[in-house]
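A short write-up of the structure that comes next.
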Amino acid sequence: TVGYPAIEITFSSDPALPGSLTLTDNGDGTATLKGSPTSDETGVYTLTLKAANGISPDATQLFALTIGQQPSITSANNTTFVAGTSGMFTINSSGYPYPAISLSGSLPSGVTFMDNADGTATLNGTPATGTGGQYALVLSAANGNPPDASQYFTLTVQETPVFTSTASADFNSGSAGTFTISTAGYPVASLSYSSVPELPASLSFLDNGNGTATISGTPTAG
């Protein structure tokens, strides 16, 4: 402040100034606002400052004190959708003001990301057929109070298995033959079989552990 004689500075606050903060008149025309606010004291406090030294009129000033908090992402770092089925996942964060949430990485077709502008964001949609797998994403939250928060996030899209190979194969007796049965889906399907009549002893069926299986061997005459 400026003025003469010595000025006394007082204040009122709406809402009340947090208990962790003090405003002290230094007796020399200045006052000091100091303290270590806690995470539950974030927000905007409107102070009415008053300076008086017996010479009218007193001086007043509306003063805005903003207590911010660094952002953090508080929700889980993974979720699972199912191809062909509608799914939704809410990403939550903390901090003041509300963090803006962004995403980097490729989403499966049919799934969208939206920042809700209230400290949350949403993954929403129906993954398209053929999008089964894991998607590595990075979430970021920023509100102007560094450092920004980031989180590695995994979106898993499960998909029911389907056969993608043809439904028949021809082997010739006396000649080695092989046929690969293939599937799509996530996680990778295990393959098994039953046979009527029984598969000839000269042929074998092998699940390859990667969503395919192989019938192979050399059929004998008869």
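Being a predicted model, the structure only gives us computed values, none of them experimental.
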Exercise. Any chance you could measure N53, atom CG, to D58, atom CG, to the nearest 0.5 Å?
Key: 8.0 Å

Quiz item: Is any side-chain heavy atom of F89 less than 4.5 Å from a side-chain heavy atom of F153?
Solution: yes

Quiz item: Between N145 and Y96, is any pair of side-chain heavy atoms under 4.5 Å apart?
Solution: no

Quiz prompt | Minimal non-hydrogen separation, S93 against I101, with atom names | solution = OG-CD1, 3.9 Å

Exercise. Would you sort out whether Y193 and L199 count as a side-chain contact (heavy atoms from CB on, under 4.5 Å), showing the intermediate values?
Key: CA-CA 10 Å; Y193 80 99; L199 198 64; 3.9 Å; yes

Practice problem: Would you please indicate yes or no on a ring centroid separation below 6.0 angstrom for F11 and Y45? | Solution: no

Quiz item: Which heavy atom of T212 sits nearest a heavy atom of D207, and at what distance?
Solution: O-OD1, 3.3 Å

Exercise. Kindly give the heavy-atom pair with the smallest separation between P37 and G35, and that separation in Å.
Key: CD-O, 3.6 Å

Quiz item: Among T166, N208, T164, which residue meets the side-chain hydrogen bond (donor to acceptor under 3.5 Å, both in side chains) test with S182?
Solution: T164

Self-check item: A142 to P71 - nearest heavy-atom pair and separation
Solution: CA-CG, 4.2 Å

Exercise. Could you check if a side-chain atom of L33 sits within less than 4.5 angstrom of a side-chain atom of L17, using non-hydrogen atoms only?
Key: yes

Quiz item: Between S194 and V196, does a side-chain contact (heavy atoms from CB on, under 4.5 Å) hold up when you go through it step by step?
Solution: CA-CA 7 Å; S194 60; V196 179; over 6 Å; no

Quiz item: Looking at side-chain heavy atoms only, is the closest gap between L107 and L137 below 4.5 Å?
Solution: yes

Quiz prompt | Minimal non-hydrogen separation, T156 against Q134, with atom names | solution = OG1-NE2, 3.4 Å

Quiz item: Any side-chain heavy-atom pair from F163 and I181 closer than 4.5 angstrom?
Solution: yes

Quiz item: Which atom pair, heavy atoms only, marks the closest approach of T74 to S94?
Solution: CG2-OG, 3.8 Å

Quiz item: Got more than 12 heavy atoms from elsewhere within 6.0 Å of OH, Y98?
Solution: no

